[in-house]
Q: 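Structure below; questions to follow.
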Amino acid sequence: MLSPAFRIILATVSVTTAVNGWYPGQDAPGLARDTAPPSQAESFNFDVNTGFNVQEKTSGEDATEVDYTLDNGSPYPHPYQYVRIGSDGPLLLQDTHLLELFGSFDRERIPERVVHARGAGAHGYFEATNAEFAKNYTMMDLLSEDGLRTPITIRFSTVGGESGSADEARDPRGFAIKFRTRKGILDLVMNNTPVFFIRDPAKFPHFIHTQKRHPASHLRDKDMFWDYLGSNPESLYQVMRLFSDLGTPYGFRHMHAWTGHTYRWVKQDGSWVYVKLYAESMQGVRNFTNADATAIAGLNPDFATQDLYESIQNGTYPGWTMYAQVLTPQEAETFKYNVLDLTKDWGFDDVPKTEIGKFYLTQNPDNYFAEIEQAAFTPSHAVDGWAPSADPVLQARLFSYPDTHRYRLGVNHMQIPVNAPINPVANFERDGAMNVNGNQGSRPNYLSTLQKINLPPRPYVDETHQQWTGGAVASLSAVTEIDFDWPRRFWNSLSAQDQQNLIDNVVGHLGAAPTESVRQRMASLFYHANETLGKAIADGVGVTVTPLTFPDGPTWFNVTKDTRNSTLDY
C-alpha cells in the first residue's frame, strides 16, 4: 500500500514527465549531480588492440627472441618449476604457474569434426584464366578478369576416420577450398568423387554412424557398414568408386575434385544457370592398390600429410586446373538425370567442361592447429554471382556446416585469422565468446536512423528464380532403374585389371560381414548393375543372387508417399 505522501510525489513526477517530456537518463529526477571542479588530468587514450597486435607479432618470432612468461605476460623463471613444501611435502595450490599449465593442457583439444576429422592442408592462390566465358553466366568478381589471383586455403581430409586414423584408409577424400575474394569469403566443399552415397539429407547422420563404430563393441562393424549400403541402392555408384583403387589415392596431390552438388551462377539481370565445378590434378591421378594402401597405413599412417608438406617444402608446388560445367534451366528440365540428385554425375560427354582457372598450393602452414584445424568451411557463404541450388543435401549442409563451426570453434569463428575475410565486415552481430577484433567498435548494433549503415544495392532480383511449383510434402527419394546407369557406365570404363581389383576389394570387405542376408542383398545389387560383377562377388562371399527389378519414374515425387523401408520402392 502506497503512503499518501508518496502518492503526492509520484503524481508530481508524472505531471513533470508529461509536461517536460522527461525520459530516464541524465536528467532523471533525483539524479546526483557532480559538483566537482573540472578535471586537471591530461587527455589520454589507449588503443585496446595494442595487446592483440603485440601477441600477433610475437607469434612470428623465434624462441631465441622471446622470454618465458605466464599467460598474463609476467616473466617466469623456469617452465619446469613448481611450488611444494620442503623436499618431500605436497604441492601448493598457490602455485599459479602449475595451475595455469595444467588448466591449459587439459583444454588443448577442441572437439574434432564428426566428419572429415583427419586432414591436412596448405595455402596458395587461384588464378582466373577464362573471364570471357565466365562473364556469360556469372558476375563473380573472382572470375572477372584473367590473371586475377585470389589467396586460397585448401584442407584435404578423409570422410569417416577419426583424427588419429590413417591417411590411406579406403574412404572418399574431402577437398575444401577457401577463396578470400575481394567481395567476401567463398568456401567450396568438394570431394575427390563427383557423387555421394545419398541424396536424401536426413539419411546422412545414419550413414556416417554406419561408417564409424558400433555402439556396443566400439569397433568398425562390416554388417552395419553393408546393411546400410545394401538397403540404400542409390549409393551403388559411389560404392563402386570407393572399392575401386580410386578409394585409396596416392596422397592428396594425385586426385581430382568435384563440387558434387549443383550450384547456380547468377548474372546482374537475375538470369542464372546450373553449374558444377571440377578440379583436375596437374600431377595426374595415382592410386594405391588395396595391398599397398594397407601396408602404407601400417608403416606410415601420415603418408598423405607428409607427401603434401614435403612437396611444398621442396618447391614442388601441386596444382589443379578448374573447370565448369553449365546447364541452363531449360536444359536441366530435359536432362537425363535430375540435376539436384547428388548420386548422379554429369559426364563430360553429357555436359562439356570449360576451363575457368588454375590453382596452386605454395605455402605450408606455420601452425597446423591455427591454420588448418581451425579452418572453417561453410558452403552457405555465397558471394556475388554464386548461390546454392535446391539440392536437398546441399540445403541441409547450409545449416550443418556453420553450426558445426559454432560448436567446435565458437560463435566468433570467422574472427580466427585463417577464416577472416580480407574485405571489411559490418553488421549488427555483437558480443559472444572470444570476440577479439574490436566487436565493431561504437557503431550502432541495430538498424539506426541516427547513424545509418550503408546498404549495398540488391545484386539481382530473386523473383526470376525463386518460384516453386508445389507445396510442402514429406519427401524421400525412390530407387528406379536410372540409379543403375552410372554403376554400369563406371564398370564399363574400367580396365580388366581395375575390374578385378574392384571385385577383390569388395569380396575382401563384404565377405567379412557375418550376416548372410546382408551379403546376399549387396551381391544382388551388384548383379543388377552387371551380371559378371555380381556373380563374381556372390561367389566370393558365398551367396546366391536374387534377381531384382526396379520401376522407371521420377527421383522425387511432388506428393507425400509413405514407406516402411529406407527408400521408396525398395
Side-chain angles (χ1 to χ4, degrees), residues 115 158-162 165-166 169-172 193 195-200 202-248 290 293-294 297 342-343 477 479 483-484 486-488 490-491 499-548 550 563-570:
V115 192
T158 55
V159 172
E162 294 94 352
S165 59
R170 185 171 298 282
D171 206 359
T193 172
V195 294
F196 200 60
F197 299 90
I198 62 166
R199 58 187 172 223
D200 299 300
K203 291 183 177 183
F204 185 76
H206 302 258
F207 165 68
I208 294 300
H209 287 169
T210 68
Q211 309 304 294
K212 288 186 174 287
R213 298 182 180 274
H214 193 282
S217 67
H218 197 59
L219 297 172
R220 295 186 183 278
D221 188 282
K222 291 183 173 59
D223 254 0
M224 186 168 69
F225 182 98
W226 288 105
D227 179 43
Y228 182 88
L229 297 175
S231 59
N232 293 274
E234 68 269 27
S235 67
L236 188 60
Y237 176 34
Q238 175 72 315
V239 171
M240 291 175 65
R241 292 186 67 96
L242 177 62
F243 278 86
S244 74
D245 289 345
L246 291 170
T248 49
N290 187 63
T294 301
L342 186 54
T343 67
S477 69
V479 176
D483 288 312
F484 295 88
W486 266 109
R488 292 168 183 144
F490 181 69
W491 172 257
Q499 288 180 345
Q500 188 59 51
N501 289 355
L502 171 58
I503 292 170
D504 292 343
N505 294 339
V506 172
V507 168
H509 197 281
L510 178 61
T515 304
E516 181 179 356
S517 62
V518 170
R519 303 196 306 273
Q520 189 271 337
R521 183 176 57 197
M522 198 69 227
S524 299
L525 287 172
F526 281 118
Y527 184 83
H528 190 74
N530 181 274
E531 293 185 6
T532 301
L533 170 65
K535 182 67 165 55
I537 290 174
D539 291 344
V541 302
V543 298
T544 57
V545 298
T546 299
L548 301 172
F550 294 90
T563 183
R564 293 295 176 264
N565 299 316
S566 63
T567 302
L568 294 174
D569 296 324
Y570 180 73

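A quick note: this is a predicted structure, and the numbers were derived from the prediction, not measured.
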Q: Does the gap between the ring centers of F526 and F243 come in under 6.0 Å?
A: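 Ring centres of F243 and F526 not closer than 6.0 Å.
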Q: To the nearest 0.5 Å, how far apart are CD in E531 and CG in L533?
A: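 Here the rounded value is 11.0 Å.
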Q: Report the relative orientation of the aromatic rings in H509 and F225; use parallel for angles under 30°, tilted for 30 to 60°, perpendicular for over 60°.
A: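 H509 and F225: tilted rings.
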Q: On a heavy-atom basis, which atom in R220 and which in E162 lie closest, and how many Å separate them?
A: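 For R220 versus E162, the nearest heavy atoms are NH2-OE1, 3.3 Å.
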Q: Under the side-chain contact (heavy atoms from CB on, under 4.5 Å) rule, what do L502 and W491 come out as? Steps first, then yes or no, please.
A: CA-CA 9 Å; L502 171 58; W491 172 257; 3.9 Å; yes
Q: Provide the closest heavy-atom pair for A523 versus V543 in the form atom of the first, atom of the second, distance.
A: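 Of all heavy-atom pairs spanning A523 and V543, the closest is CB-CG2, 3.9 Å.
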Q: Before you tell me yes or no, could you show the steps for V115 and F207 under side-chain contact (heavy atoms from CB on, under 4.5 Å), namely the whole-Å CA-CA distance, both residues' side-chain angles and the distance that decides it to 0.1 Å?
A: CA-CA 11 Å; V115 192; F207 165 68; over 6 Å; no
Q: Can you name the one residue among R521, R519, K222 that meets salt bridge (Lys or Arg N to Asp or Glu O under 4.0 Å) with D227?
A: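 With D227 as partner, salt bridge (Lys or Arg N to Asp or Glu O under 4.0 Å) holds for just one option, R521.
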Q: Quick one, M522 and V541 - any side-chain contact, counting heavy atoms below 4.5 Å?
A: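 Heavy-atom side-chain distance check fails, nothing below 4.5 Å.
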Q: Supply the atom-to-atom distance E516 CD to D223 CG, rounded to the nearest 0.5 angstrom.
A: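 Taking CD in E516 and CG in D223, the distance rounds to 11.5 Å.
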Q: How long is the gap from CZ on R170 to CG on N290, to the nearest 0.5 Å?
A: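 Reported to 0.5 Å precision, the distance equals 4.5 Å.
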Q: Can F197 and I208 be said to form a side-chain contact (heavy atoms from CB on, under 4.5 Å), step by step?
A: CA-CA 10 Å; F197 299 90; I208 294 300; over 6 Å; no
Q: Measuring from atom CG of L236 to atom CG of L242, what distance do you get when rounded to the nearest 0.5 angstrom?
A: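 Output value for this atom pair is 11.5 Å.
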Q: Between S566 and N232, which heavy-atom pair has the shortest distance, and what is it?
A: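 Distance-wise, the nearest heavy atoms are OG-OD1, 3.5 Å.
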Q: Distance from L342 atom CG to S235 atom OG, nearest 0.5 Å?
A: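 Interatomic distance, L342 CG to S235 OG, rounded to 0.5 Å: 12.0 Å.
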Q: Is the ring pair F484/F550 parallel, tilted or perpendicular, if the boundaries are 30 and 60 degrees?
A: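 Judged by the thresholds at 30° and 60°, the geometry between F484 and F550 is tilted.
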Q: To the nearest 0.5 Å, what is the distance between CD on Q500 and CG on N505?
A: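 Going from the CD atom of Q500 to the CG atom of N505 covers 10.0 Å.
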